[in-house]
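Right, one structure below, let's go through it.
Keep in mind that this is a model prediction, so the values were computed, not measured. Letters A, B, ... are given to chains in the order of the sequence lines, protein chains preceding strands, and every chain is numbered from 1. Just the heavy atoms: all of them, side chains too, but no hydrogens, waters or symmetry mates, feed the values below.
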Amino acid sequence: MARLENSEIAALFGEMADLLQIDGGDRHRIAAFRRAARIIEGLPRPAEELLSRGELDSVRGIGSGTVHRVKQMLRRHSCDDLDQLRRKVGPGLREMLKIKGIGPTTVRNIHNRLGIETIDQLEYAAQAGAIEAMPRMGTAMVHKILAGVEAYRKRRGKVPLIEAQRVGRRIIASLASLPEVARIELAGSVRRGKAAIGDLDVLVASSDPGPVSSRFQSLPDVEEVLLRGDTRCSVRLRNQQQADLRVLPPQSFGAGLHYFTGSKLHNIELRLRAGRMGLKVSDKGVFTRDEQLIDPCPEEADVFRHLALPWIPPELRENQGEVEAADRKRLPKLIEAGDLLGDLHMHTTDSDGAGTLREMSERARELGHRYIAITDHSKALRIANGLDEPRLAAQLQRIRRLDAQFDDLQLRSGIEVDILANGDLDLDPALLAQLDWVVASVHRWTEQDEATMTKRVIRAIHSGVVDCIGHPTGRRPGKRDAYPLDLEAVLAAARDHDVALECNGGPNRMDLGDVDCRRCRERGVAVALNTDAHAPRHLGRPEFALAMARRGWLEREHVLNAQPWEVIAARRARRLRDHGDPQWRAVPILVQVPAGPDTDTDAAVELDQDRGGGPTGSEDHAWIDLEPLEFPPAVAQAPVEEGSAAAVAEPVEDRDALRAALTQAPLGAELRERLSAWLMSAAADPTLERALTELGEERGENPLQVGFDLLSKPL
DNA sequence: GCCGTTTTCGGCCCGACTGTTTTCAGTCG
Ligand SMILES: Nc1nc2c(ncn2[C@H]2C[C@H](O)[C@@H](COP(=O)(O)OP(=O)(O)OP(=O)(O)O)O2)c(=O)[nH]1
Ligand SMILES: [Mg+2]
Ligand SMILES: [Mg+2]
Ligand SMILES: [Zn+2]
């Protein structure tokens, strides 16, 4: 049996809590299981390790009962109580808890009275009138259940942070124009910077909630109003996400913001602390135990001040020790955008980027970067026009010449080399040894088992030429789990070889995630916060990597690209000396670069500006723009982002004809070109998008998926 | 099940909204 990850142990405790709740167990005991689940999920070390060192039960919220169960779980992936509960409460009942409006009591009642075990049976019983006949049930409840079942079937999982931010900011822009709105802020998991977002939480300060709530309910993105009260309102958006509005008086905006930012467990932790101090905290402010208002708290810091705490950054508010750290004045000084000196992962038109070498460099200079490393794909990613040895050698020389023109930017030659199925690198190590910086990444053969994948990545680390493992876990927030990988073993190898792990800031990756960043800190492995830019404008968006790093408690000293280039170069030089192959140094350069325009500086720059080849691939890189997929009609009116292809006029053409052309095999070259341009978000193409959406509806796929499928078909 | 500036026993965050509750339970944030 494979070793249990913390997240898997957490899932087992979560299941216990659900089953126990349906079974009618003690609510505090249930809450304790849930708390233990969340705490274990966020531990920066494997529970197994803490257990063997006798440190597990010294974690707050974990006691002897949990330790006892973790021991069993590590042995056999379950524990005695869980076995018993599973025999008593079927899995269908647990699934029913996910239906909005149905809780443990309802599930228990309908099961006891009607013998219902599954959601299908529940739906049938509701339609057949059996639910309505029960005590404390009426027609309204029946409708609520049926609507809940339907919404559950249509549900959409979590959404990547960038998409939630876009939808949320549009809502904010619309509400902020109302005169009744004094202050407005996005709260909840978006404000905390989580990678995958469940719902949107909007907080408004206003002395007149009515008009605010009305505007909220009539937003174009709203599909259904779920609940409306005096101070709060919930709606379902067209992308099946929920949005919650909370309106409160301006004088308690700080208390409300603290409440609505969460997390839930952080709130509870703080409120317990308040209780011990003889105080009460709510979204209305700080009170004495007997309800005397002390301070409505216009600012968030007021809440913390009354609890004798410094303001805690939202990213840390996960009940992972931040309250205790704040109490001891030991909060980390979290990494900030201004600490980043350079960017160590980006693509150019040489592979699947949309900006030339010069354009990327110029943008980096404008942003004030001190250094950047160019890291195009390697040849295994043919679909992304990956570089082979001769092209890489040629690029290296072009980079050296361009670098000589800059005195404000250290332009460095790197690569994102594929780690092949057996752990070999996709390019000759002797050539890689001559570069300034090597990111090694897994893109293909991701179906391997954990042992194989782990050996593969460690083999790349052992090569001696690799400086950094790119997007180490392969996860896609809200889309795809990490592939199986023993990160502990990778961390150990990385530390031994002074290899960094990347926190890839592409909004579709955000990989490493928050907890994994903290594990790096714990293990002494440096983290590189990169944008993985596929266009110049992406270089100015480090916020997604920063969110993960800050949530992972990283400070400047833990982040590789918060150090001067010389530090990075020295690590590489040392590694090449200690772990490299002496042969490499003997070979000056592997590939003869043909003389000609490329050896002439000016001509080379011209060559650089030649976009011939361009993006041809269909690798869904980290920056694919997802917004049009979620709100197709709204997109036409939405403000277009700076630097995007806003100027491209929408072609007047028949969508049906285009759709027909897309179903032809083989696809014409022009259409392929157009598809890739759209997939790489290099061009806005509403017509194409609509056509793909319609095709996708027929096949039950999203338009992006359809696009990739079409492109990956043989010519 | 966990925990202690009131406690080793007896508490455990606090409030809004909905439905059929005529005095409050269930669910959610
Ligand atoms: N005090 C307290 N606050 C809560 C509770 N449940 C939710 N909150 C607060 C904290 C949450 O961050 C905030 C918004 O609730 P959500 O359910 O939207 O959670 P959140 O946004 O954190 O995560 P999400 O990505 O939406 O699942 O409301 C609770 O039981 N007690
Ligand atoms: Mg939320
Ligand atoms: Mg919410
Ligand atoms: Zn990559």
Side-chain angles (χ1 to χ4, degrees), chain A residues 13 16-17 20-22 24-37 39-40 56-70 79 81 96-110 131-132 134-145 147-148 187-189 198-203 209 213 225-234 242-248 252 255-287 289 291 303 307-308 319 323 327:
Chain A
F13 277 102
M16 273 219 289
L20 192 59
Q21 201 172 21
I22 293 169
D26 176 75
R27 64 195 179 98
H28 301 297
R29 195 162 168 256
I30 293 161
F33 282 138
R34 286 230 163 84
R35 197 177 315 121
I39 289 170
I40 290 171
L56 189 56
D57 70 350
S58 56
V59 176
R60 279 170 47 90
I62 294 181
S64 57
T66 303
V67 167
H68 175 73
R69 290 178 177 84
V70 167
C79 65
D81 313 68
M96 255 178 247
L97 284 182
K98 295 192 186 140
I99 298 170
K100 280 262 151 84
I102 295 184
T105 307
T106 309
V107 170
R108 184 166 58 248
N109 287 343
I110 59 173
I131 302 281
E132 198 173 350
M134 285 174 53
R136 300 184 54 83
M137 288 284 181
T139 51
M141 272 310 289
V142 171
H143 282 115
K144 198 165 161 179
I145 288 172
S189 49
D199 72 2
L200 290 167
D201 303 284
V202 181
L203 183 72
S213 186
V225 178
L226 301 170
L227 156 171
R228 92 191 80 198
D230 295 336
T231 66
R232 60 193 321 158
C233 176
S234 294
Q242 186 175 321
D244 294 335
L245 173 74
R246 179 86 222 238
V247 188
L248 39 72
S252 51
L257 184 56
H258 179 265
Y259 151 72
F260 218 25
T261 297
S263 66
K264 172 178 167 173
L265 286 187
H266 167 88
N267 287 354
I268 291 175
E269 182 74 11
L270 227 61
R271 289 166 182 212
L272 284 169
R273 177 184 173 91
R276 288 194 294 270
M277 296 171 71
L279 300 172
K280 190 193 76 167
V281 169
S282 78
D283 55 349
K284 313 235 166 345
V286 176
F287 302 78
R289 196 194 303 279
E291 307 284 319
V303 179
L307 300 178
N319 190 31
V323 177
D327 182 60

Measuring only the P atom in each nucleotide, how far is B:dG19 from B:dG11? A whole number of Å is fine.
35 Å

Is the number of heavy atoms from other residues, nucleotides or ligands within 6.0 Å of CZ (A:Arg228) greater than 12?
no

Return the nearest nucleotide to the side chain of A:Thr106; candidates are B:dC14, B:dC17, B:dG26.
B:dG26

Pairwise distance CD1(A:Ile30) to CD(A:Gln21) - rounded to 0.5 angstrom:
5.0 Å

Spacing of A:Lys100 atom NZ relative to B:dA16 atom P, expressed in whole Å
20 Å

Measure from CZ on A:Arg136 to P on B:dT22 and round the result to the nearest Å.
9 Å

Quick one: closest heavy-atom pair of A:Asp283 and A:Ala255, and the distance?
O-CB, 3.5 Å

Here the gap from A:Ser213 atom OG to A:Arg246 atom CZ, rounded to the nearest 0.5 Å, amounts to 12.0 Å

Out of B:dC3, B:dT27, B:dC13, whichever nucleotide has its closest atom nearest the side chain of A:Thr105
B:dT27

Is the shortest side-chain N/O distance from A:Lys144 to OP1 or OP2 of B:dC17 below 4.0 Å?
no

Gap in Å between the two C1' atoms, one belonging to B:dT8 and one to B:dC13, rounded:
23 Å

Which whole number of Å gives the distance between the C1' atom of B:dT18 and that of B:dC12?
26 Å

Between B:dG1 atom P and A:Asp81 atom CG, what is the distance in whole Å?
7 Å

Distance test, side-chain N/O of A:Arg273 to OP1/OP2 of B:dG4, below 4.0 Å:
no

With a 4.0 Å cutoff (strictly under), does any side-chain N or O of A:Lys284 reach OP1 or OP2 of B:dA16?
yes

Across the strands shown, which category fits A:Arg27 at heavy-atom distances under 4.0 angstrom: base, sugar-phosphate, nothing?
nothing

Of B:dT27, B:dC13, B:dG15, the nucleotide closest to the side chain of A:Pro104 is B:dT27

Measure from CG on A:Leu307 to P on B:dC14 and round the result to the nearest Å.
12 Å

NA contact type, A:Arg69, heavy-atom cut-off 4.0 Å: base, sugar-phosphate, or nothing?
sugar-phosphate

Ignoring the backbone of A:Ala140, work out which of B:dG15, B:dC2, B:dG19 is nearest its side chain.
B:dG19

Taking atom C1' in both B:dT5 and B:dG1, compute the distance separating them and give it to the nearest angstrom.
23 Å

Assign each of A:Gly103 and A:Val67 to its nearest nucleotide of DNA chain B by heavy atoms, then name whichever residue's nucleotide is nearer the 5' end.
A:Val67

Using side chain to side chain contact (heavy atoms under 4.5 Å, CB included), reason through A:Met96 and A:Ile110 one step at a time and then give a plain yes or no.
CA-CA 11 Å; A:Met96 255 178 247; A:Ile110 59 173; 3.9 Å; yes

Do the side-chain N or O atoms of A:Thr231 get closer than 4.0 angstrom to the phosphate oxygens (OP1, OP2) of B:dC17?
yes

If you measure from CG on A:Leu20 to CZ on A:Phe13, what distance do you get to the nearest 0.5 Å?
12.5 Å

May I ask you to verify if any side-chain N or O of A:Ser234 is less than 4.0 angstrom from the OP1 or OP2 atom of B:dG29?
no

How is A:Arg228 classified with respect to the nucleic acid when contacts are heavy atoms under 4.0 Å: base, sugar-phosphate, or nothing?
sugar-phosphate

Among B:dG1, B:dC17, B:dG4, the one nearest A:Asp26 by side-chain distance
B:dG1

Taking B:dT21 as the reference, what is the distance to B:dA16 when you measure between their P atoms (whole Å, please)?
24 Å

Nucleotide of B:dG1, B:dC13, B:dC3 approaching A:Thr66 most closely (side-chain heavy atoms):
B:dG1

For A:Ala187, does its backbone N or O pair with a side-chain atom of A:Asp201 as donor and acceptor, under 3.5 Å?
no

If I take atom CD in residue A:Gln21 and atom P in nucleotide B:dG26, what distance separates them, rounded to the nearest angstrom?
12 Å

When all nucleic acid strands are considered with a 4.0 Å heavy-atom cut-off, which category describes A:Arg29: base, sugar-phosphate, or nothing?
base

Would you say A:Ser282 places a side-chain N or O within less than 4.0 Å of OP1 or OP2 belonging to B:dC13?
no

Under 4.0 Å between a side-chain N/O of A:Gln242 and OP1 or OP2 of B:dC28, yes or no?
no

Distance check needed: B:dC2 C1' versus A:Asn319 CG, whole Å only.
13 Å

Rounded to whole angstroms, how far apart are CG on A:Asp199 and P on B:dG29?
6 Å

Ignoring hydrogens and angles, answer whether the base of B:dG29 and the side-chain atoms of A:Tyr259 contain a donor-acceptor pair closer than 3.5 Å.
yes

Starting at CG of A:Asn319, measure out to NZ of A:Lys264 and round the result to the nearest 0.5 Å.
12.0 Å

A:Gly63 vs A:Asp230, nearer the 5' end of DNA chain B by closest nucleotide:
A:Gly63

From the candidates B:dT6, B:dG1, B:dC13, the one with an atom nearest any side-chain atom of A:Arg289 is B:dT6

In whole angstrom, what separates A:Glu269's CD from B:dC13's P?
10 Å

Just compare B:dG1, B:dC13, B:dT18 and give me whichever is closest to any side-chain atom of A:Ile268.
B:dC13

Pick base, sugar-phosphate or nothing for A:Met137, based on heavy-atom distances below 4.0 Å to the nucleic acid.
sugar-phosphate

Partner lookup for B:dT8, please. Criteria are Watson-Crick or G-U wobble with both distances under 3.5 angstrom; report none if nothing qualifies.
none

Taking all non-hydrogen atoms of both residues, which atom of A:Ser252 and which atom of A:Lys284 are closest, and how far apart?
CB-O, 3.6 Å

In whole Å, measure the gap between the C1' atoms of B:dA25 and B:dT20 for me.
12 Å

Heavy atoms only, 4.0 Å cut-off, all strands: where does A:Ile102 land among base, sugar-phosphate and nothing?
sugar-phosphate

Taking the C1' atom in each of B:dC24 and B:dG10, what is the distance between them to the nearest angstrom?
25 Å

Scan A:Ile62 against the nucleic acid and name what it touches under 4.0 Å (heavy atoms): base, sugar-phosphate only, or nothing.
sugar-phosphate

When we call it a touch if two heavy atoms are under 4.0 Å apart, what does A:Ile99 touch: a base, just sugar-phosphate, or nothing?
sugar-phosphate

Picking from B:dC3, B:dG15, B:dC13, the nucleotide nearest the side-chain atoms of A:Arg271 would be B:dC13

I'd like the C1' distance from B:dG4 over to B:dC17, given in whole Å.
35 Å

